[in-house]
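The figures here come from the full heavy-atom set of this structure, side chains too, leaving out hydrogens, waters and symmetry mates. Below, chain A is the first sequence line, B the second, and so on; all start at residue 1. Bear in mind that the values here come from a model prediction, so they are computed numbers and not experimental data.
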Amino acid sequence: TVAWTVRLRDAFRQRKVNQAIELWKSMRANGVKPNAVTYSVVVSGLIDCDQDWLAEMVQEELQRSEIVPHTRFFNSVITAYLKKRNFKKAIETWDYLKQSGAQEDSYTYGTLVNLFCKAGQLDKAMEVREQMHAAGFPSDVYIYSALIDAFAKHGLLHESFKLWEHLRRSGVKANVAVYNALLNAYARQSDPREALDLLDKMRMDGVEPNSITYNILIHYFAKRGDVAKAMSLWRDMRDANIPDDAFVYNTLISTFAKRGNMTAAQDLANEMLSKGIHASAVTYNALIDARIKRGDLQGAMRIWHQMKEARIEPDVVAYGTVIDAQLKKGRLQIACRLFEEMKASGVKPDAVIYSSFIDSYLKHGNYTDAVRMLDEMAHAGLPTSVVIFNSFIDWLGKKGDLTGAEAMLIKMVAEGVPPN
RNA sequence: CCAGUGACUCUGACUGUG
């Protein structure tokens, strides 16, 4: 059973779904019984590979079997759904855990707190933390890092710092992830002094910075135009014997690209490849966007095709980048074709994709299609975003319908979308 | 004893200054 489970794990890791399914079948054909670990590998593997329907089938089969799934099984499944941002199924799995009479452990709570953080329900995240305490598990470092990070990302820096104080008083030892989350918080309030001080503070606390730490700082200084400081931090990182990774390269490529220095951006891209660090969709997207921002749509599409030739599947951001560029060039047909291609290849459109179409339609006075897109979006379960409301308000205002614009503002507030 | 679970970093959309 263990040997089969390992093979299944490897198949899923390589995203070889069909191979995994074959293994699953021949395992039974050979009379080998899957155990709880096997089910855990298979169910979470199927979710990873976007086979939700099969995952549910296997999970139902497990329910009918005499194997009792334990906490660790549910934790894996909740995590798999969370990685796919499928909050609904993740929460359903939590319910299923409770129905099965299993008990949440500290992993479960950590995952659930993170789940509600990612879903933007910070109050619920704090509530789960209370439940965790009530169940006899004190907050651990995962809980703190998830919450500090989430509050900072929602602009509630005060709450992040309050949690940091709690952590210090609780005697939990902060690790590098907690410091990194804090560092992000300082970067958000644009405090270079504090950010660099924190780097020293963490070292004094016996916590060594990692590549994420440096990347946060590099990105932060690059964004505020201090490329020299960003590059010197990159040298510090190498001096600290932290190996370069794709994140650091992507950050720098995007920095140079945004500043119009395409040569430097391209050189870095070549350098990363020569070091055996693989370019990802993010790398290509940064290079594509840079060309678009310079008005070079042809060059952008060349990179787009290179990306496909490199067997890197364009993701929702890649589609968003080129669709928006085509729309802004007035090439509605091409944009729609890309939109269809995206859906056909299994990439789900997100709010950014819809906002590009809606904004473009409105700017061309095509209210009907704008609303059609809005409906499609709602049908896909996506809430109307601030950006979309802004597009409508702008359109109404520019055509002189101030009453309508004001009504739209009231509508967005009523729908719980805070104006920015 | 051998296989499965949680946190932190990179890329795309709207408006205002020009």
Check: B:rA13 base within 3.5 Å donor-acceptor of A:Ser356 side chain: no
Sugar-phosphate only, base, or nothing, as touched by A:Lys223 at under 4.0 Å among non-hydrogen atoms: nothing
For A:Glu61, salt bridge (charged side-chain N to carboxylate O under 4.0 Å, His left out) partners two or more places apart: A:Arg28
Side-chain donor/acceptor contact of A:Asn180 with base of B:rA7 under 3.5 Å: no
Sugar-phosphate only, base, or nothing, as touched by A:Ser145 at under 4.0 Å among non-hydrogen atoms: base
Donor-acceptor pair between A:Asn114 and A:Thr111 side chains, under 3.5 angstrom: no
Side-chain donor-acceptor pair present, A:Ser139, A:Arg129, cut-off under 3.5 Å: yes
Sugar-phosphate only, base, or nothing, as touched by A:Val317 at under 4.0 Å among non-hydrogen atoms: base
Contact summary for A:Thr71 and A:Ala102, nearest pair of heavy atoms: OG1-CB, 4.1 Å
side-chain hydrogen bond (donor to acceptor under 3.5 Å, both in side chains) between A:Asn285 and A:Thr321, worked out: CA-CA 7 Å; A:Asn285 295 346; A:Thr321 308; 5.3 Å; no
Sugar-phosphate only, base, or nothing, as touched by A:Val248 at under 4.0 Å among non-hydrogen atoms: nothing
Polar side chain donor-acceptor pair, A:Asp267 to A:Asn270, under 3.5 angstrom: no
Minimum-distance nucleotide (side-chain atoms of A:Asn35 versus B:rA7, B:rC10, B:rA3): B:rA3
Sugar-phosphate, base or nothing in reach of A:Ala177, heavy atoms under 4.0 Å: base
Short side-chain N/O contact from A:Lys153 to OP1 or OP2 of B:rA7, under 4.0 Å: no
A:Glu376 and A:Tyr354: side chain donor to acceptor below 3.5 Å: yes
Side chain to side chain, A:Asn180 and A:Asn210, heavy atoms closer than 4.5 Å: yes
Watson-Crick and G-U pairing of RNA chain B, under 3.5 Å, as dot-bracket with | and [ ]: ..................
Salt bridge (charged side-chain N to carboxylate O under 4.0 Å, His left out) against A:Arg259, all qualifying residues, sequence neighbours excluded: none
With 3.5 Å as the limit, what N/O pairs link the protein to nucleotides 4-6 of chain B?
unit_1, atom_1, unit_2, atom_2, d
B:rG4, N7, A:Arg72, NH2, 3.1
B:rG4, O6, A:Arg72, NE, 3.2
B:rG4, N2, A:Phe73, N, 3.4
B:rG4, N3, A:Ser40, OG, 3.0
B:rU5, O4', A:Ser76, OG, 3.0
B:rU5, O2', A:Thr79, OG1, 2.7
B:rU5, O2, A:Asn75, ND2, 2.8
B:rU5, O4, A:Arg72, NH1, 3.3
B:rG6, O4', A:Thr111, OG1, 3.1
B:rG6, N1, A:Asp140, OD2, 3.2
B:rG6, N2, A:Ser106, O, 3.1
B:rG6, N2, A:Asp140, OD1, 3.2
B:rG6, N2, A:Asp140, OD2, 2.7

With 3.5 Å as the limit, what N/O pairs link the protein to nucleotides 15-18 of chain B?
unit_1, atom_1, unit_2, atom_2, d
B:rU15, OP1, A:Lys363, NZ, 3.1

Touch class at under 4.0 angstrom, heavy-atom based, for A:Asp10 against every strand present: nothing
Near-parallel close stack of A:Phe247 and B:rU9 base (under 5.5 Å, under 30°): yes
Touch class at under 4.0 angstrom, heavy-atom based, for A:Ile353 against every strand present: base
Test item: A:Asp105 side-chain N/O and A:Tyr107 main-chain N/O as donor-acceptor pair under 3.5 Å: yes
Touch class at under 4.0 angstrom, heavy-atom based, for A:Asp245 against every strand present: nothing
A:Lys83: salt bridge (charged side-chain N to carboxylate O under 4.0 Å, His left out) partners, not counting sequence neighbours: none
